[in-house]
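Report on the following structure.
The figures here come from the full heavy-atom set of this structure, side chains too, leaving out hydrogens, waters and symmetry mates. So that the names make sense, note that chain A is the first sequence line, chain B the second, and so on, each numbered from 1.
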Amino acid sequence: MSIEVRELTKKYGEIIGVEQLSLNVGIGQFQGFIGPNGAGKSTTIRCLMGLLTPDSGTFSILGFDDKKAMASIKASVGYLPSEIRLYRKLSTQVHIALAIAIRRDAIASVQGKAAAAAFEKHAEQTAKTLSKRLSLDVQRPFGALSFGNQKKAGIVLSMLHEPPVLILDEPTGGLDPLVQETFFELLKERHTAGTTILYSSHILSEVERLCDKVAIVKSGNVIANEAIEHFRQKRLKRVMLKCHEDRVAACAAMVEQSGEASRVQIDRNVIQMDWHGLPSKLTALMTSINPKDFTVTEPSLESIFMHYYHDSADDAEIGGRK
Amino acid sequence: MNRLYRFECGKYAKSIGLVSIITALMIIFSMSFYPAISDYMSTLTTFFETGAMQQVFKIFNLNVGAMTSLIGFYTTYCTMWVTLIGSVIFGFYGAKAIAAEQIEGTYEFVLSLPVSRRKLWLIKWSALMTALSFYAVVVGGSGLIALAIYGSESNAVLQQDALTPALKASIIAEQAAIVPMMALTEDDFQTFTQGLIMAQFNTSGAELDEAGIDVNRILSLIGDDLEDPLMLFDKMLANPEPYFEAFQLENVSLDEFVEGIQSEKASYLTMHDAFFDPMQSLSSFFEMSPAFFLNLMQARGIVEDVDHLLSGDVSAAKLFAPYSVKDFLKRHGLMILTVWLNATLGFLLATLVKWRDSAMHLAVGGVFVMYFLNNVSQMMPSTNWIRWLSTFGYFDLEKPASGGVSAVLCMGLIALSMLAIRQFERADLVR
């Protein structure tokens with residue numbers, strides 16, 4: 001496993017950040033990590049980066065144990081926080097030089113000076129290439145950069161050492177669509193090169209586009225962690241029924257009575273719903289409703305996500321769990 | 001050199017550089033008052049000795065008497081700049097070193113790099129100490145420059161460091177020749193005895209205070225009579241009751257008190273004879289106050305003669321100089337140690353508290369409270385113990401803590417540092 005989280009619990013006083021959260025990410029995997037704000041994504045990531053101390057539970061990254069080898073974990077990981085906060089008066093270039101120097105020293109202590117010198121040269125070149133591709137002016141003070149450019153600085157700092165593991169926490173916030181495209185290209189290149197990526201987001205279209213596996217976080221715990229295709233192969237279908245105008249209310253009542261539909265939306269004579277029952281039951285419902293037209297499609301990740309979150313009572317707990 | 005260490009040091013470059021240079025200039029500027037003040041010192045001393053001024057100086061822990069010498073003037077005048085302002089600045093920066101990164105969120109960047117929290121803490125501490133060393137060198141250097149500039153305009157004063165046991169023994173051995181050269185007078189004897197009595201009151205102040213004896217009441221009753229002890233003895237014998245009441249001696253009757261005075265008077269007369277006897281004077285009294293006799297030799301202009309008599313053992317240039325670099329460095333070192341202690345406590349405070357947003361304000365407030373506590377401790381002998389609650393009490397220029405107390409302080413700080421490192425390793429350093 002590339003990332004292995006075992007029963008991680010982190011509380012903020014009485015508020016639970018994550019509770020008994022477990023997650024396995026395979027080597028070279030592009031792992032989505034989705035959930036609404038407050039579900040526990042950032043708390044998990046910050047624990048992985050050693051910024052927060054878990055109350056209980058352990059984790060390892062590339063086999064390095066959190067209790068014994070945090071420095072090795074940090075040497076192997078590129079981290080992009082959701083909000084980039086660097087020294088405001090210093091330029092991105094100074095931050096890059098500092099990051100390279102500290103990583104170089106870490107390499108020198110383990111692999112020797114020659115390896116450290118080679119790393120330094122390569123990292124400097126990588127930082128230049130990344131800055132150029134992202135159109136980032138590295139000479140300007142960080143505080144003078146726009147939010148989007150600050151994010152670009154964060155991307156460069158997280159990727160300049162070409163780490164085997166990338167942990168990205170809501171990485172596209174503030175990036176314009178063109179830069180987003182460049183960033184996605186960079187991620188695909190890294191993924192192709194074998195980098196394991198943990199991609200936390202609540203923008204499901206991004207995750208659907210990039211990731212090959214998705215973990216859904218709810219109330220501080222992972223409630224599902226499967227390949228996107230696997231989610232789609234589940235019984236969940238998105239169904240659209242076009243009813244006769246005079247029978248809309250009756251049709252809607254039949255849908256409700258079936259007990260297998262969620263996210264039911266009615267727009268004039270069109271009823272849309274997520275169906276999670278047996279196909280035979282859907283056929284029976286169709287026969288009763290006798291629609292003018294209908295479509296059955298594979299669900300989007302959003303549909304899958306909402307399926308897991310459709311219980312409104314549970315939703316109310318999110319972000320303020322006790 | 002470790003890049004992170006250089007980076008941390010760089011954070012202080014502007015601020016501490018500026019503070020150091022401003023303090024250095026303030027010191028040189030303050031010392032420029034010395035020639036003018038030393039010229040009018042006798043007039044000023046009269047003014048300073050008024051009750052109100054004495055209280056003001058006590059509050060600020062200033063020793064006006066010391067201002068007559070150049071080093072004394074430096075110590076009295078510049079302690080405020082070097083120690084208090086330095087402690088406030090470094091207490092603040094000590095706390096800021098830990099707290100600011102959490103407030104500004106930059107720990108998220110630094111701690112994502114392969115550096116352990118323990119190492120980061122130690123690097124931050126080392127960088128703070130480097131900044132303090134820079135401050136110590138710049139400020140100390142400016143002090144030495146000021147002493148060199150104004151030294152030529154200062155009176156030569158006795159340098160205690162040059163007074164070795166061998167030299168004392170040589171002087172005493174040659175008393176038969178030296179005492180006549182000094183041409184001792186009745187005024188000299190009175191000054192000597194008054195000094196002894198005052199020293200006695202000062203050293204036994206705490207014991208007298210503990211015994212419930214009001215020293216100030218006794219001194220106000222005696223008043224100017226102290227200038228003529230013989231007359232004072234006669235006055236006390238003629239009307240002993242007020243003095244007996246003032247001394248509040250337990251288990252001593254009035255008759256026994258009167259007997260005591262008669263005995264003290266007899267001792268005084270014996271002492272008087274011995275003081276003027278060339279065969280007894282220095283052997284009996286030199287050790288009690290070497291400074292008194294050496295200053296007298298300087299005043300009578302016989303230091304060179306004594307030097308000649310002792311075959312060069314007494315060097316006027318060595319014994320009497322405007323200032324001693326060694327003495328200055330010792331005092332400067334004590335001042336910097338006080339700043340160091342406040343910086344360290346600010347650093348530890350910010351590491352140990354959970355509410356780091358307030359750590360810098362707390363550290364600065366704490367320095368002022370400590371300064372106030374130290375001054376309160378010096379108001380009365382019975383409150384002297386309060387100095388140990390203050391960071392300003394340990395490296396007092398006149399009476400620094402003993403080696404044992406310093407060792408306990410160091411051990412306490414080491415224990416606190418270990419606790420702080422542990423806390424820093426476990427703390428949540430992002431919001």
Side-chain angles (χ1 to χ4, degrees), chain A residues 10-13 17 42-43 45-55 64 67 69-90 94-110 120 142-143 153-154 157-158 161 163 167 169, chain B residues 1-18 93 96-124 126-127 351-357 419-431:
Chain A
K10 175 67 189 174
K11 293 178 182 173
Y12 304 100
S42 293
T43 298
I45 286 175
R46 285 172 165 186
C47 286
L48 295 183
M49 291 311 302
L51 299 164
L52 298 176
T53 307
D55 297 318
F64 297 119
K67 299 281 189 290
M70 205 59 217
S72 299
I73 287 177
K74 288 174 183 175
S76 315
V77 173
Y79 169 55
L80 179 62
S82 56
E83 196 181 332
I84 314 294
R85 283 178 292 189
L86 301 178
Y87 302 99
R88 296 187 64 78
K89 290 179 182 171
L90 304 181
V94 173
H95 288 91
I96 290 171
L98 179 66
I100 291 176
I102 291 173
R103 292 190 182 282
R104 180 202 57 208
D105 290 348
I107 289 171
S109 63
V110 180
E120 185 173 18
F142 178 76
L157 288 165
S158 67
H161 55 301
I167 296 180
D169 190 5
Chain B
M1 201 192 300
N2 185 292
R3 178 61 190 253
L4 189 57
Y5 167 73
R6 269 191 290 154
F7 177 74
E8 287 292 332
C9 286
K11 289 181 184 173
Y12 297 104
K14 261 189 193 172
S15 49
I16 296 301
L18 202 63
Y93 276 103
K96 191 184 176 195
I98 294 293
E101 299 237 33
Q102 183 163 354
I103 295 167
E104 290 160 16
T106 46
Y107 273 130
E108 198 146 22
F109 165 64
V110 180
L111 291 176
S112 71
L113 300 170
V115 57
S116 71
R117 289 190 180 198
R118 177 182 292 244
K119 191 174 177 185
L120 179 65
W121 192 89
L122 290 170
I123 284 174
K124 282 182 174 294
S126 306
T351 314
L352 289 166
V353 296
K354 279 190 174 176
W355 10 271
R356 292 199 182 82
D357 291 16
L419 194 69
I421 291 176
R422 191 174 157 75
Q423 169 70 14
F424 191 71
E425 285 179 317
R426 296 161 62 95
D428 292 339
L429 292 173
V430 290
R431 288 155 187 272

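A donor-acceptor distance shorter than 3.5 angstrom exists from the side chain of R117(B) to the backbone of L51(A), with no hydrogens or angles considered. A donor-acceptor pair under 3.5 Å is absent between the side-chain atoms of S112(B) and the main chain of Y79(A), judged by distance alone.
Distance check, rounded to the nearest 0.5 Å: OH of Y87(A) to NZ of K11(B) gives 4.0 Å. Atoms CG and CG, from D105(A) and L113(B) in turn, are 11.0 Å apart once rounded to the nearest 0.5 Å.
Residue Y107(B) touches chain A through its backbone alone, counting heavy-atom pairs closer than 4.5 Å. In this structure, chain B has heavy atoms under 4.5 Å from both the backbone and the side chain of M49(A). With a 4.5 Å cut-off on non-hydrogen atoms, K10(A) touches chain B through its side chain but not through its backbone.
Listed by first then second residue, pairs satisfying salt bridge (charged side-chain N to carboxylate O under 4.0 Å, His left out) with a partner in residues 105-114 of chain B read R46(A)-E108(B), R85(A)-E108(B), not counting sequence neighbours. Residue pairs meeting the salt bridge (charged side-chain N to carboxylate O under 4.0 Å, His left out) criterion with at least one member in residues 70-83 of chain A: none, sequence neighbours excluded.
Residue-level contacts of residues 96-103 of chain A with chain B, in order of numbering, are A97(A), L98(A), A99(A), A101(A), I102(A), R103(A); threshold 4.5 Å between heavy atoms.
Residues passing the side-chain contact (heavy atoms from CB on, under 4.5 Å) test with R118(B), sequence neighbours excluded: S116(B), L122(B), I421(B), E425(B).
T106(B) places none of its side-chain heavy atoms less than 4.5 Å from the side chain of F142(A).
Ranked by heavy-atom pairs under 4.5 Å with chain A, the list L429(B), V110(B), L111(B) is led by L111(B).
Of all non-hydrogen atoms in P114(B) and A71(A), the two that sit nearest each other are CB-O, 3.6 Å.
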